[in-house]
Structures are given as C-alpha cells and as structure tokens.
Chemist: 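Take a look at this one; I'll ask things after.
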Amino acid sequence: MKESATTSHIRLDAAYQGVILLRNNSGGYYNDQGRFVRYGLGSFTDKDEKASSDYIGYTPTFITPQMVGMILPVFTAVEMKPSDWKFYQKDKRALCQKNFHDMITSANGFAGFATNVDDFRRIIGRDKR
C-alpha cells in the first residue's frame, strides 16, 4: 500500500476514534528580502537536525480519578509510511523523526510511525491487545 493510501485509511480511523490529526506541512522558501524562511513544526533549526511528523494533533483521553469526568487532549504525532516501510538507523530523516517521537512520548504524548491502522491504534493506545 502506498503512503497516500495508508494516510487515507489512518485519517478515516482517526475520525472514527475521535482523534484530531492536522497536516503538518514543512519546508522553506526565500522571501522578498532574500532570507530563507522555514515553516512547520520543528523547523526552527537545520532541516537535517529536526524532523516532525506528517500529522500532529491530539487524542481525547479520559484522565485519572483526580480528574473524574474530564477528557483532556493528549498531543499526538503520526508519521505515515507505506505499508512495506521498515525503520533503518541509517535513514537520517527517519532517525530525526524517531527522535521527535521519543521527545513526545517521554512527555506522555502519543507518537510513532504508522504503516496501517493497527499501527495507528497502537500509537494512541487503542489497539486490540
């Protein structure tokens, strides 16, 4: 399955799960003054040092007894990949994206690579187990 198909399936499931995912376009351009301007999450440094996910947003999450009845948004970042994709340490961009995911998950957010709906559900903690 191509990345575009993976993305379509996951975005559909995200809507079903109540997860808000927003496209995180990133890149850069030269403005009228000739300055290079970067845009997108994680674009504050050299592109090779930081890389965020294709989609960012939040997952509504029921919180602990101290917050009974509240549903709070948990930051969510999903990097969509084709179904045959595998992570390789030598892939510098994927490694930067993994570092971003690690930063998010270390702060109790949801983040990861998804090649299918099952991966996405695992990332947001709604897998079948």
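The first residue in the sequence is number 1, and the count goes up from there.
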Chemist: Is the side chain of Arg126 donor-acceptor paired with the backbone N or O of Gln17 at a distance under 3.5 Å, no angle test?
Modeler: yes
Chemist: Report yes if the side chains of Ile10 and Asp13 come closer than 4.5 Å at any heavy-atom pair, otherwise no.
Modeler: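 No, every pair of side-chain atoms sits at 4.5 Å or beyond.
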Chemist: In Å, rounded to the nearest 0.5 Å, how long is the span from CG of Leu22 to CZ of Arg11?
Modeler: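 Result: 9.0 Å between the selected atoms.
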Chemist: So that I know where these two stand, are Tyr58 and Phe75 an aromatic pair - ring centroids less than 6.0 Å apart?
Modeler: no
Chemist: Could you tell me the separation between the CG atom of Asp119 and the CE atom of Met80, rounded to the nearest 0.5 Å?
Modeler: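 Output value for this atom pair is 10.5 Å.
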Chemist: Answer yes if Ile20 and Phe120 sit in the same cluster of Ile, Leu, Val, Met, Phe, Trp and Tyr residues linked by side chain heavy atoms under 4.5 Å apart, and no otherwise.
Modeler: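 No, Ile20 does not connect to Phe120 through the hydrophobic network.
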Chemist: Are Ile56 and Met103 co-members of a hydrophobic cluster defined by side-chain heavy atoms under 4.5 Å apart?
Modeler: yes
Chemist: Do Asp102 and Lys98 sit within salt-bridge range, that is, some charged N less than 4.0 Å from a carboxylate O?
Modeler: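 Yes, charged N to carboxylate O under 4.0 Å.
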Chemist: Could you check whether the rings of Phe113 and His101 sit parallel, tilted or perpendicular, using 30° and 60° as the cut-offs?
Modeler: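 Perpendicular: the ring planes of Phe113 and His101 meet at over 60°.
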Chemist: Looking at Tyr55, I'd like to know if the NZ or CZ of Arg23 sits under 6.0 Å from its six-membered ring centre while staying within 45 degrees of the ring's axis.
Modeler: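 Yes, Arg23 lies over the aromatic ring of Tyr55.
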Chemist: Say whether, by atom type as modelled, one donor and one acceptor occur between the side chain of Thr76 and the main chain of Val74 under 3.5 angstrom.
Modeler: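 Such a contact is found between Thr76 side chain and Val74 backbone.
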Chemist: Quick one, Glu3 and Pro82 - any side-chain contact, counting heavy atoms below 4.5 Å?
Modeler: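 With C-beta onward as the side chain, the pair touches.
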Chemist: Is the shortest side-chain heavy-atom distance between Gln89 and Leu95 below 4.5 Å?
Modeler: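 Gln89 vs Leu95: side chains touch.
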Chemist: Looking only at heavy atoms, which two atoms of Asn24 and Ser53 are closest? And how far apart?
Modeler: ND2-O, 3.0 Å
Chemist: Between CZ of Arg121 and OH of Tyr16, what distance do you get to the nearest 0.5 Å?
Modeler: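 Separation between the atoms: 7.0 Å.
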Chemist: I want to check something: taking the side chain as every heavy atom from C-beta on, are Ile104 and Phe100 in contact at a cut-off of under 4.5 Å?
Modeler: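 Counting from C-beta outward, Ile104 and Phe100 do come under 4.5 Å.
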Chemist: Compare every heavy atom of Tyr39 with every heavy atom of Gly28, then report the nearest pair and how far apart it is.
Modeler: N-CE2, 3.5 Å
Chemist: Could you tell me whether Phe36 atom CZ has more than 12 heavy atoms of other residues or ligands within 6.0 Å of it?
Modeler: yes
Chemist: Which pair of heavy atoms, one from Val19 and one from Pro60, lies closest together, and at what distance?
Modeler: CA-CD, 4.1 Å
Chemist: Can you check whether Lys81's main-chain N or O pairs, donor with acceptor, with Thr6's side chain at less than 3.5 Å?
Modeler: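 Side chain of Thr6 to backbone of Lys81: a pair is present.
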Chemist: Please round to the nearest 0.5 Å and tell me the distance separating atom NZ of Lys2 and atom OG of Ser8.
Modeler: 12.0 Å
Chemist: Compare every heavy atom of Ala114 with every heavy atom of Ile123, then report the nearest pair and how far apart it is.
Modeler: CD1-CB, 4.2 Å
Chemist: Keeping the roles fixed (side chain from Glu79, backbone from Asp54), state whether a donor-acceptor pair exists under 3.5 Å.
Modeler: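 Flag set: sc Glu79 to bb Asp54 pair under 3.5 Å.
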